[in-house]
Amino acid sequence: MTRKAVIGMVRAAALAGAFFLAGGAIPMIGGILMMLAPAPIILYAVGRPSPNLRATIAVLLATAFVALLAGSVAGLGYFVSFGLGTGIVCYMLERGSSFETITAVGAGAMVAASVVAALVVMGGPDALIKTVHDELAQGMARGQEFYKLLGTQSTISADTQASVISFTMRLLPAFALLVAESAVLLNLRVFWRWAGPQRLTYSLFGDLSRWSAKEWLVWLLLASGFGLFIPVPAISDIALNGFICIAAVYFCQGLAIVGFYFQSLSVPSIVRGIIYFVVFAQPFVAALVCIAGVFDMWIDFRRLKPPSPEANNLGDFF
């Protein structure tokens, strides 16, 4: 490895560690920077000589930087989450995997490894659940104090707080997986924007306005939907989290439909931005977009599927 490559490795590892630590040091913006922690190493390693070796050493260096600056627990947290995700993304990009597969495998591995590490550090599931519950309770208390500083009296009863915390904890697996998937997708987009076409031998994203989820995914959506009515709390919770994750995929397909018609109708950028803002800000509109994504398999809003022979024969008959 050349001197220039070593310097680039140290720089990428330092940036990755700094982005990760920014999540706990900088309000709001720090969370976005933390999600971008894999980007420096991905840009440094993918498409270069010995990419997997480069990524592995850079992740280990970033782990050492985080542990040195914030402690061993923080270093472990980086390694089992963004560090592991970085390595998986680099490996799968070099193998020519699709962005859907990279997102699913990378996010799943990050969440699974983080949960296992948290169980080991906390000493078991009971301690982990108690810690998460206490953090949520403290977050709600800080939120109420913030509203009081703004002059808004928003007192929430103890029963309501308990219900909100309980429901939030039920949905934490889905939230964690969606955040991890968003992080992987964000880093893939950054890589593709900056260096992807020059580094990869295949098109990673293609035309996203024509993207569709796999047709078999609708059966998982239906199964998880029926699972919500099973009178066993553990099973219904699993079904609820699964339903949310799959619905998020169809929400993305709905966004692809919206983007397709934006392109077809040459909608101005400012109008597109307003509509996207409304979609993300209004749950009812977001639900409609998600439903459009689900029914696209049958209605084919974008007319992407070739006409079936049955349809042609029926047209000849009439």
Side-chain angles (χ1 to χ4, degrees), residues 15 19 22-23 26-40 42-43 46-47 82 85 89 93 97-104 106-107 174-175 177-214 217 244-305:
L15 282 173
F19 285 172
I26 305 174
M28 297 181 64
I29 300 178
I32 300 175
L33 291 176
M34 176 182 281
M35 293 179 69
L36 287 170
I42 295 174
L43 288 167
V46 175
F82 292 100
V89 168
L93 283 174
S97 302
S98 65
F99 79 90
E100 299 99 328
T101 304
I102 297 173
T103 301
F175 289 160
L177 191 57
L178 291 178
V179 170
E181 289 176 343
S182 301
V184 174
L185 271 176
L186 177 61
N187 284 275
L188 288 176
R189 288 298 296 175
V190 169
F191 167 74
W192 182 252
R193 181 77 174 179
W194 283 7
Q198 295 78 34
R199 303 272 192 87
L200 298 182
T201 58
Y202 69 103
S203 177
L204 182 59
F205 288 102
D207 187 359
L208 288 178
S209 66
R210 296 176 176 271
W211 178 83
S212 297
K214 302 297 183 182
L217 199 64
I244 292 174
C245 292
I246 300 170
V249 175
Y250 282 107
F251 175 73
C252 293
Q253 182 164 335
L255 289 178
I257 297 172
V258 174
F260 177 84
Y261 282 101
F262 281 168
Q263 291 184 7
S264 301
L265 301 175
S266 300
V267 178
S269 299
I270 187 171
V271 178
R272 298 187 189 191
I274 293 172
I275 294 176
Y276 280 132
F277 175 79
V278 172
V279 168
F280 283 95
Q282 292 294 330
F284 178 73
V285 180
L288 290 179
V289 172
C290 180
I291 292 171
V294 174
F295 282 93
D296 186 47
M297 184 177 71
W298 296 285
I299 300 177
D300 190 19
F301 293 105
R302 295 164 288 182
R303 299 294 184 266
L304 300 180
K305 298 178 182 178

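Just so we're clear, the structure is a prediction, and the values are computed from it rather than from any experiment. Sequence positions, counted from 1, serve as the residue numbers for this chain.
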How close do [X] and [Y] get, heavy atom to heavy atom, and via which atoms?
X: G23; Y: M34; value: CA-CE, 3.5 Å
X: Y276; Y: G259; value: OH-CA, 3.6 Å
X: P40; Y: L36; value: CD-O, 3.4 Å
X: V289; Y: L255; value: CG1-N, 3.6 Å
X: A195; Y: L43; value: CB-CD2, 4.1 Å
X: L186; Y: M35; value: CD2-CB, 4.2 Å

Please tell me whether F251 and F280 form a close aromatic pair, meaning their ring centres lie under 6.0 Å apart.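 Ring centroids of F251 and F280 are less than 6.0 Å from each other.
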Of all residues at least two apart in sequence or in a different chain, which pass the side chain to side chain contact (heavy atoms under 4.5 Å, CB included) check with [X]?
X: V46; result: I42, C90, L93, E94, F191, L200
X: S203; result: W192
X: A174; result: N241, I244, C245
X: L265; result: V267

How many angstroms lie between atom [atom1] of [X] and atom [atom2] of [Y], to the nearest 0.5 angstrom?
X: S97; Y: L204; atom1: OG; atom2: CG; value: 9.5 Å
X: F19; Y: I26; atom1: CZ; atom2: CD1; value: 9.5 Å
X: L304; Y: I257; atom1: CG; atom2: CD1; value: 9.0 Å

One pair to check against side-chain contact (heavy atoms from CB on, under 4.5 Å): C252 and W211. What are the steps and the verdict? CA-CA 9 Å; C252 293; W211 178 83; 4.1 Å; yes
Within the supplied structure, the quantity of interest is the number of heavy atoms (other residues, nucleotides, ligands) at a distance under 6.0 Å from [X] [atom1]; does it exceed 12?
X: Y261; atom1: OH; answer: yes
X: Y202; atom1: OH; answer: yes
X: R210; atom1: CZ; answer: no

Go through the structure and list residues passing salt bridge (Lys or Arg N to Asp or Glu O under 4.0 Å) with R302, not counting sequence neighbours.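 R302: salt bridge (Lys or Arg N to Asp or Glu O under 4.0 Å) contacts with D296.
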D300: partners by salt bridge (Lys or Arg N to Asp or Glu O under 4.0 Å), with sequence neighbours left out: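 None.
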What I'd like to find out is whether the side chain of [X] reaches to under 4.5 Å of the side chain of [Y], using heavy atoms alone.
X: R189; Y: F205; result: yes
X: V258; Y: V279; result: no
X: N187; Y: F82; result: no
X: Q253; Y: L217; result: no

Backbone N/O of A292 and side chain of Y250: donor-acceptor pair under 3.5 Å: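 Pair absent, no side-chain N/O of Y250 close to backbone of A292.
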